Number of protein chains: 2
Amino acid sequence: MTASVPAYQQIKDHVLAQIHRGVWKEGDAIPTEEALALEFGVSRMTVNRAMRELGNEQIVERVQGSGTFVAQQKYQSTLVDIRNIADEIAARGHRHRSELQRLERCKATDALAGRFRLKPGAPLFHSVVVHFENDAPIQVEDRYVNPGVAPDYLAQDFATQTPNAYLMRVAPLQGVEFAIEAVSPPPEVGELLQMAAHEPCLVLHRQTHSMGQVASVAALWHPASRYRFTGQF
Amino acid sequence: MTASVPAYQQIKDHVLAQIHRGVWKEGDAIPTEEALALEFGVSRMTVNRAMRELGNEQIVERVQGSGTFVAQQKYQSTLVDIRNIADEIAARGHRHRSELQRLERCKATDALAGRFRLKPGAPLFHSVVVHFENDAPIQVEDRYVNPGVAPDYLAQDFATQTPNAYLMRVAPLQGVEFAIEAVSPPPEVGELLQMAAHEPCLVLHRQTHSMGQVASVAALWHPASRYRFTGQF
DNA sequence: TAGTGGTCTAGACCACAGC
DNA sequence: CTGTGGTCTAGACCACTAT
């Protein structure tokens, strides 16, 4: 008895594992429903449910009369829930790594003070982290944090935990405002993202509120050729 | 013609129609699988698939041992607000005007057929509208519509009503999927938007669902220098 | 205990792809 | 033509809820 995990879920897990492990690659044909039914000792209907759900989840592509194939992996993100980019990359079965570029104390410029509703010159924390997906830079996270909301921000180890994950943990999220635009990156961002000349960035500006204050103001820079935002309602 | 529409889909449509019509309201119990199987003259497994999918789509909530209930309606006042550009421009105190570039019947390409879950070559409606904010072009709306959902689409006057406003009126919205990316526009789009050479476009791809079908597939092109998406939660 | 959904079977027929 | 997925049946047993 494999206990309490439905057979169709075990089959889904098995297929996902094979894909993530690289045994089955994009475009590869997956064993037929008949074959999987034999292998797992279940009926074809059970395999059908597993594969149909994987098809709906865009993990595989099914073609009647032909077969089932591993779908194209997409670079995409969700705006709806403020997902951690590490989780997002992990969900695609890829490897996430981040590099801390800067972590420092600074003083609010006039523009930043306005965003945080603090006085110009008020102390802020500032971090710059580059996130990699399979060793390709996919996001530059330029973030300012309100010390009143996260006083221990500078003491965190952002190699093992993303700034976002830390903030979500210590500051209950009450509201988010965002703006998305396409612009040319400043030279230093273009370098960090290893972008071609003239390639635009897809930028998400995000401001989070917690405990009645502005908790953080972030700019998330992505190379337009390798990233897009997605979501659903 | 009941042929060619799967039984489970007919059952989903029936349930969606009852909810949209207000016969079954939020929190109401829906007939049991057994009852629906009898009513539609199908096996319980077929009803089970229909209701399970509606559960996954958050249309209904299923409780083992208890029953199936109409789910709470979702708040969707976020990125869906991007939907009506006329309202958006009016809210900024500016003047909105639109020009109809194309309005025609066409056949689904393989790619479009996949998005609509129709067969290649199936008839579709196609419209291209340019939206102006104070006489500056701000959006090219390239839209394909499922004739099964909006059969009178070609007869509308899109000078007085945006395609989106019409669709929201005739087809109850059940779901939206979107993706935002930054790309170079095709030459004809760049011209319509009077864009400078090499300027990227901010593109919103949006797919709306209604009555269990894909109602429309749209690409909304905006000049990156004059547009951005904003929202809040 | 009776009723509900959750899962599963061992067949079946069909539509479609590719040879 | 064969092999594939798409759908469907008429049962079955189980887990859970409500009474």
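Just so you know, these numbers use all the heavy atoms, side chains as well, and skip hydrogens, waters and symmetry mates. Below, chains carry the letters A, B, ... as their sequence lines are ordered, and counting in each starts from 1. Treat the numbers as computed from the prediction; the structure is a model and nothing was measured.
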Select from A:Q9 and A:S66 the residue whose nearest nucleotide in DNA chain C is closer to the 5' end of that strand.
-> A:Q9
To the nearest angstrom, the CD-C1' distance between A:E33 and D:dT2 comes to 17 Å
Contacts of type salt bridge (charged side-chain N to carboxylate O under 4.0 Å, His left out), residue B:R115, not counting sequence neighbours = none
Can a salt bridge be assigned to the pair A:E34 and A:R44 using a cut-off of 4.0 Å between side-chain N and carboxylate O?
-> no
Quick one: how far along DNA chain C does chain A reach, first to last nucleotide 5' to 3', anything under 4.0 Å to a heavy atom?
-> C:dT7 to C:dA17
Could you state the atom-to-atom distance from CZ of A:R52 to P of D:dG5 in whole Å?
-> 13 Å
Name all pairs fulfilling the ring-ring contact (aromatic ring centres under 6.0 Å, His included) condition that reach into residues 26-49 of chain B, sequence neighbours left out, sorted by first residue then second.
-> B:H14-B:F40
Mind checking what makes side-chain hydrogen bond (donor to acceptor under 3.5 Å, both in side chains) contact with B:S184, not counting sequence neighbours?
-> none
Flag the pair B:R62 and B:E33 as a salt bridge only when some basic side-chain nitrogen lies within less than 4.0 angstrom of an acidic carboxylate oxygen.
-> yes
For residues 104-130 of chain B, pull every pair meeting ring-ring contact (aromatic ring centres under 6.0 Å, His included), keeping only residues two or more places apart or in separate chains.
-> B:H126-B:Y144
Between A:H205 and A:E181, a side-chain donor and acceptor under 3.5 Å = yes
What residues in residues 37-50 of chain A put a non-hydrogen atom under 4.0 Å from any atom of DNA chain C?
-> A:G41, A:V42, A:S43, A:R44, A:M45, A:T46, A:R49
Rounded to the nearest 0.5 Å, how far apart are OG1 of B:T46 and CE of B:M51?
-> 13.0 Å
